[in-house]
There are 2 protein chains.
Amino acid sequence: MMARRSDHSQEEIREMAIKASRSIIIRKGLSALSARKIASEIGYTPGTLYLIFKNQDDLILHINAITLQDLHKQLVSAIKRCRKPESCILKLGHEYVRFAVENRYLWNAIFEHRLPDGQKLPGWFRVHIERLYNLVEVQLESFNNTKRFDTHLAATALWSGVHGICVLGLTDKIENSNEKLIQSLVDSLINNYLAGLR
Amino acid sequence: MMARRSDHSQEEIREMAIKASRSIIIRKGLSALSARKIASEIGYTPGTLYLIFKNQDDLILHINAITLQDLHKQLVSAIKRCRKPESCILKLGHEYVRFAVENRYLWNAIFEHRLPDGQKLPGWFRVHIERLYNLVEVQLESFNNTKRFDTHLAATALWSGVHGICVLGLTDKIENSNEKLIQSLVDSLINNYLAGLR
DNA sequence: ACCTGAACACCGTTCAAGT
DNA sequence: ACCTGAACACCGTTCAAGT
């Protein structure tokens, strides 16, 4: 049994590879992922993966895109019953923390992964990031404020800030960090930022 | 020429190893660092490094501690002539961004590096992080406010937020990111957070 | 006592060769 | 056409052996 197996279509192998990769990341983290492990889990050899993905970075970007989609979905459904933009943004922050904690390794993989040197993120990937910022921006637009302000800038600043708290909290860089403390920090950041915006 | 060279003391080898490591990180980033490269740059074999450092994580933590010390020094000198806490905190934010941009790879190494699984950061390392948060906390304590608030929580939230903007800005996760934009985002976060705190 | 050199168990990626 | 298997150029880490 060598070469030309056609047990599965390329599309099937692709899905098997992504599924196996996600499972490895969930269990052991991104650093435990390797082409050899993925291949052995799906019953193919490492070389096969390079017929389907450009390289490991390409594969990881596709996995991270799925995680970003899942996150987006969770965030959207979390604010379904929200009325005031303030409480919407707070809910978004809470849900972001909850998702990161619950899917720690998948979420971590998004930010642990770095493209080589000056390589830019591909546009199809960046779209997934922008959709997240957009959830906040939409709320800021309907924010009942007297002053004019740049909602895009504000959404980027606030949401990056929330993310920063999450990263440092979940990578042991904040003392005695736990989900409850992280939530308090996020609350503090959002509440005061929004109050300042008024 | 094998074994028992004693060309250098252990202390000298240690310093040579750290110097060489920093130079590799500055030139090529943390991912280009390897025991074999460090060893070859200082004229020893990889095994020698394990007489001096527990493992690669230990070595990287020592390098990152130096970077955190440098950063702390820069921040302290940046606010020497500051009077009002508001402008102090803004200056701290600016200087943080400037340092991260100027020392991109060294700064990145601090956050790119992850200890395995559930391993906690050693206390001697965490001290360096806390000293940074403390710079902000001190300013918040002398903040001219009527309301009472938890200055430790506020310092952690605000500074983690500033850091988040930096990370996303410098890892291409914010659109059209450049130093000027990052500074505007940091300004926005600090100004509005402080205004909200009042 | 100090350091080496080789070994072990891994990597990502490529590509000639097999079916 | 599809996939393999082996190769290339790397890893971190350990430790018997040499001086």
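Note on naming: letters A, B, ... go to the chains in the order of the sequence lines (proteins, then strands), and numbering restarts at 1 for each one.
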Worksheet item: Does Ser188(B) reach the side chain of Tyr193(A), with side-chain heavy atoms less than 4.5 Å apart?
Response: yes

Tell me which donor-acceptor pairs under 3.5 Å the side chains of residues 60-69 of chain A have, and how far apart each pair is, sequence neighbours excluded?
| from | atom 1 | to | atom 2 | distance (Å) |
| --- | --- | --- | --- | --- |
| His62(A) | ND1 | Asp58(A) | O | 2.9 |
| His62(A) | ND1 | Asp58(A) | OD1 | 3.4 |
| His62(A) | NE2 | Arg14(A) | NH2 | 3.4 |
| Asn64(A) | ND2 | Ala109(A) | O | 3.3 |
| Thr67(A) | OG1 | Ile63(A) | O | 3.3 |

Practice prompt. Can you sort out the partners of Arg114(A) under salt bridge (charged side-chain N to carboxylate O under 4.0 Å, His left out), two or more places apart, ordered by chain and number?
Written response: Glu112(B)

Discussion item. According to side chain to side chain donor-acceptor pair (under 3.5 Å), who are the partners of Trp159(A), at least two apart in sequence or on a separate chain?
Written reply: none

Item to complete: Could you list the residues that satisfy salt bridge (charged side-chain N to carboxylate O under 4.0 Å, His left out) with Arg27(B), not counting sequence neighbours?
Response: Glu41(B)

Worksheet, complete the sentence: Glu95(B) meets the side chain to side chain donor-acceptor pair (under 3.5 Å) criterion, sequence neighbours left out, with Arg98(B)

Worksheet item: Salt bridge between Lys91(B) and Glu86(B), side-chain N to carboxylate O under 4.0 Å?
Response: no

Worksheet item: Got a sec, which residues hit side-chain contact (heavy atoms from CB on, under 4.5 Å) with Lys28(B), two or more places apart in sequence or on another chain?
Response: Ala32(B)

Practice prompt. Under 4.0 Å from any atom of DNA chain D, heavy atoms only: list the residues of residues 23-42 of chain A that qualify, in numerical order.
Written response: Arg36(A)

Worksheet, complete the sentence: Heavy atoms of Leu153(B) and Ser184(A) approach each other most closely as CD1-CB, 4.1 Å

Item to complete: Take atom CZ of Arg5(A) and atom C1' of dT4(D), then tell me their distance rounded to the nearest Å.
Response: 9 Å

Practice prompt. Please confirm whether the backbone N or O of Lys19(B) pairs with a side-chain atom of Ser23(B), one donor and one acceptor, at under 3.5 Å?
Written response: no

Can you list, pair by pair, the side-chain donor-acceptor contacts under 3.5 Å of residues 129-140 of chain B, counting residues two or more places apart and other chains?
| from | atom 1 | to | atom 2 | distance (Å) |
| --- | --- | --- | --- | --- |
| Tyr133(B) | OH | Ser160(B) | OG | 3.2 |
| Glu137(B) | OE1 | His152(B) | ND1 | 3.0 |

Worksheet entry | Residues within residues 106-121 of chain B bordering DNA chain C, heavy-atom distance below 4.0 Å | none

Item to complete: Rounded to whole angstrom, note down the P distance from dA9(C) over to dA9(D).
Response: 23 Å

Item to complete: Can you run through DNA chain C from 5' to 3' and write each base as (, ), [, ], | or . depending on how it pairs? Watson-Crick or G-U wobble, both distances under 3.5 Å.
Response: ||.|||||...|||||.||

Worksheet item: Shortest non-hydrogen contact from Val162(A) to Gly93(A)?
Response: CG1-CA, 4.4 Å

Worksheet item: Is there side-chain contact between Leu170(A) and Trp107(A), with heavy atoms separated by less than 4.5 Å?
Response: yes

Worksheet item: Quick one: SG on Cys166(A) to CG on Asn108(A), what's the gap to the nearest 0.5 Å?
Response: 10.5 Å

Practice prompt. Test the Arg5(A)-Tyr44(A) pair against the cation-pi criterion, namely NZ or CZ under 6.0 angstrom from the six-membered ring centroid and within 45° of the ring axis.
Written response: yes

Worksheet entry | Neighbours of DNA chain D within residues 8-16 of chain A, by heavy-atom distance under 4.0 Å | His8(A), Gln10(A), Ile13(A)

Fill in: For DNA chain D, the residues among residues 48-58 of chain A that have a non-hydrogen atom under 4.0 Å from it
Thr48(A), Leu51(A)

